[in-house]
Amino acid sequence: MSVGTSSAPGSRDVRRPAAPRPGDLAELGIDPDQLPDGLVVADERGHVICFNAAAERITGVPAADALGQRLDKALPLEDLEGRRWWQLTDPYGGLAIRVGQPERNLLLPGGREVLVCARYVRTEPTGPVRRVVVQLRDTEARRRTERSHAELIATVAHELRSPLTSVKGFTATLLAKWERFTDDQKRLMLETVDADADRVTRLIAELLDISRIDSGRLEVRRQPVDIGAAVGRHIQAYVAAGLPADRFLLRIEQPLPALWADPDKIDQVLSNLLENAVRHGEGTVTIDITPTASPREGEDVGTSVTVSDEGSGIPEESMNRVFTRFWRGSKRGGTGLGLYIVKGIVEAHGGTITVGRAPGGGAEFRFTLPVSVPAYLT
C-alpha cells in the first residue's frame, strides 16, 4: 500500500502514488503495512489515502472501507469526555501555524482506547494543509506498565507499613516509659527497631535497583572477580550463623576463565539465589561453578554458576513467571522483587539466567556470565 493522491472528486481510485519526494516511504522502499504503528493519511480535501494494516488491526476497520472516506468518518475519534475529536481540532480550518496534535488517549466507537497523535503537512509554513498524518497505537502495553507501577506502589506501601509501624511504636514507647523497662527489655526493643530499619533500607535499595534496571541505567563496574571465593564467603556466613557446614556442597571445575564483573552486584546475585535455596529449599544446597560457552558473541568461554537444592522445587506452570516482578512461590515471603533484580543484574553483565528442576527434585538456578576481559588485556 502506498501513499498517493486521489484522482477526481468522489473517486474511489485513491492508491495512485504521488511523485516521490526525499523521505517518502515508497522512495525508502518501505510499505506502510510494514510499520508497527497504525498509519492513516488524509489528503488536502480530508479524504483518506492511506490506511495501513496496523490501523486495520487497531480500529477493526478494513482498509477498503476507510480509503476514500472523509477522515472524520473513517476514523471517528472522541475524547474521554465524549466530544468528537476532529470537530474540536479542525486540522484543515484551524490556526495556520499549527503543525499537529501531541499524543493523547482517544476513544474509538465502542469505547476502545487508543493513543493518537497527528501531523499537519504544509508546503508553506502557514499555507493550507496538504496532508494530515495520523499515528495510532494500542494502549495495552501502556496499561500493562501502569498496572505494574500501581502494583509496585501498593507492594512498597504494604512492605513499608509494617516495619515503620514497629519502629514508631517501640521508639514512642521507649521515649515515654524509658525508666519502666529493664536493660534487657530496652535491648530487645532496640534490636527490633534496628532490624526493621535494615528491612526498610533493603527495600529502598531494591526500588533503586528496579528503577535503574527499567531505565537501562544499571551501572556495571567491572574488575577481576574470584567467583569461587565469593561463593565461599556466603557459605561461611551461613555456617557462622548456625547452619551446618554439610548443608552446602561447592564444586568448582578448574581451570575457570578470568572473570571481569561488578563484585558487589555479583554478591547480590549470589546472596539472593543462596538465600532462596536455604529458606525455601530442603536438603543439600549444591553450587557448581564451571567454564562454559560464553553468552556473548565473539567470546569463546564464559563462567556458569548453578545453585540447586533438594526441596519440592518450582511448579512447572510457574517457571515462566519466576523472574517477573512480585512473583512469590507458595512459601515465599518478602516483596517478590529479588529474582527480578537478579535477572536485571545478570543481563546488565551481558549474561543469561535460567530456572529449572534440579536432579534432586528441587529448584535449579543457573546464570552464565561472559568473561568480559578488557580489550587492552587481550
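The model shown is predicted, which means the values in this text are computed figures rather than measured ones.
- Remark: E219 engages R221 in a salt bridge, criterion side-chain N to carboxylate O under 4.0 Å.
- Judged purely by distance below 3.5 Å, without hydrogens or angles, the side chains of H280 and D309 never pair a donor atom with an acceptor atom.
- Minimum heavy-atom separation, A245 to V239: CA-CG2, 3.8 Å.
- Each of V225, I227, D226 was evaluated against P263; a single residue qualifies, V225, per the side-chain contact (heavy atoms from CB on, under 4.5 Å) test.
- In this structure the side chain of R357 never reaches within 4.5 angstrom of the side chain of E364, judged on heavy atoms.
- Under a hydrophobic-cluster definition in which Ile, Leu, Val, Met, Phe, Trp and Tyr are linked whenever side-chain heavy atoms come within less than 4.5 Å, directly or via other members, L250 and L243 are assigned to the same cluster.
- For the atom pair CG (L106) and CD (Q101), the distance works out to 9.0 Å, reported to the nearest 0.5 Å.
- The structure places NZ of K186 at 14.0 Å from NZ of K177, a figure rounded to the nearest 0.5 Å.
- Within 6.0 Å of CD on Q254 lie more than 12 heavy atoms contributed by other residues, nucleotides or ligands.
- Under the 4.5 Å side-chain heavy-atom criterion for Ile, Leu, Val, Met, Phe, Trp and Tyr, V231 and L249 are members of distinct hydrophobic clusters.
- Residue L80 qualifies as enclosed at atom CG: its count of foreign heavy atoms under 6.0 Å is above 12.
- Other residues, nucleotides and ligands contribute only 12 or fewer heavy atoms inside 6.0 Å of the CZ atom of R187.
- L203 is not connected to V193 by any chain of hydrophobic side-chain contacts under 4.5 Å among Ile, Leu, Val, Met, Phe, Trp and Tyr, and they are in different clusters.
- What you find for V301 and V371 is that their closest heavy atoms are O-CG1, 3.2 Å.
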### Task
Under the side chain to side chain contact (heavy atoms under 4.5 Å, CB included) rule, what do T354 and F365 come out as? Steps first, then yes or no, please.
CA-CA 6 Å; T354 58; F365 288 88; over 6 Å; no
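- Proximity of W86 to L75: side-chain heavy atoms (C-beta onward) are separated by under 4.5 Å at one or more points.
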### Task
Could you walk me through whether R212 and D209 pass salt bridge (charged side-chain N to carboxylate O under 4.0 Å, His left out), step by step?
CA-CA 5 Å; R212 295 184 185 110; D209 285 336; 3.7 Å; yes
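- Environment of CD in E316: sparse, with no more than 12 heavy atoms of neighbouring residues, nucleotides or ligands closer than 6.0 Å.
- How far CD of Q69 is from NE2 of H47: 8.5 Å, rounded to the nearest 0.5 Å.
- Taking hydrophobic clusters as Ile, Leu, Val, Met, Phe, Trp and Tyr residues chained together by side-chain heavy-atom distances below 4.5 Å, V342 shares a cluster with I204.
- Rounding to the nearest 0.5 Å gives a distance of 8.0 Å between CG of L369 and OG1 of T352.
- Listed here is the closest heavy atom pair of D138 and R57: OD2-NH1, 4.4 Å.
- Nearest heavy atoms, T284 versus D246: OG1-O, 4.1 Å.
- In terms of heavy-atom proximity, L174 sits nearest to M189 at CD2-SD, 3.5 Å.
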### Query
Should R137 and D37 be marked as a salt bridge (charged side-chain N to carboxylate O under 4.0 Å, His left out) after you check the CA-CA gap, both sets of side-chain angles, and the distance that decides it?
CA-CA 6 Å; R137 289 181 179 175; D37 295 329; 3.1 Å; yes
### Task
Give the C-alpha distance, both sets of side-chain angles, the deciding distance and a yes or no for side chain to side chain contact (heavy atoms under 4.5 Å, CB included) between C50 and V40.
CA-CA 5 Å; C50 175; V40 180; over 6 Å; no
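- Contact of the V285 side chain with the V307 side chain is registered, since non-hydrogen atoms from C-beta on lie closer than 4.5 Å.
- Residue L88 is not grouped with residue L115 when hydrophobic side chains (ILVMFWY) are merged at heavy-atom distances under 4.5 angstrom, including chains of intermediate members.
- Proximity of L274 to I287: side-chain heavy atoms (C-beta onward) are separated by under 4.5 Å at one or more points.
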### Task
Show your working on side chain to side chain contact (heavy atoms under 4.5 Å, CB included) between T306 and F367 and close with a plain yes or no.
CA-CA 7 Å; T306 305; F367 69 93; over 6 Å; no
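- Atom CD of Q34 and atom CG of L39 lie 12.5 Å apart (nearest 0.5 Å).
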### Task
I would like to know whether K343 and E347 meet salt bridge (charged side-chain N to carboxylate O under 4.0 Å, His left out); could you show each step before the answer?
CA-CA 6 Å; K343 183 173 185 287; E347 291 180 348; 2.7 Å; yes
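- Using a distance-only test at 3.5 Å, with no hydrogens or angles considered, no donor-acceptor pair links the side chain of R122 to the main chain of T126.
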### Query
Does the salt bridge (charged side-chain N to carboxylate O under 4.0 Å, His left out) test come out yes or no for E81 and R83, once each step is laid out?
CA-CA 6 Å; E81 297 177 4; R83 297 174 297 184; 3.4 Å; yes
#### Entry: side chain to side chain contact (heavy atoms under 4.5 Å, CB included) evaluation trace for R233 with D267
CA-CA 10 Å; R233 287 193 298 272; D267 267 345; 4.1 Å; yes
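- Listed for the E275 side chain is no donor-acceptor partner under 3.5 Å among the backbone atoms of N272.
- A 4.5 Å side-chain heavy-atom check between S312 and E282 finds every atom pair outside the cut-off.
- The number of heavy-atom neighbours closer than 6.0 Å to CZ of R84, taken from other residues, nucleotides and ligands shown, is 12 or below.
- Between D288 and R251, the shortest heavy-atom distance links the atoms OD1-NE, 2.6 Å.
- A heavy-atom distance below 4.5 Å is found between the side chains of R202 and D198.
- Under the 3.5 Å distance criterion, the side-chain polar atoms of S211 are left unmatched by any main-chain donor or acceptor of L207.
- Inter-residue side-chain proximity for V121 and V132 is flagged as unmet; no heavy-atom pair is nearer than 4.5 Å.
- Between T303 atom OG1 and H349 atom NE2 the span is 11.5 Å, to the nearest 0.5 Å.
- Of the possible polar contacts, one joining the N52 side chain to the P32 backbone as a donor-acceptor pair under 3.5 Å is found.
- Within the 4.5 Å cutoff, the side chain of S166 has heavy atoms near those of the T192 side chain.
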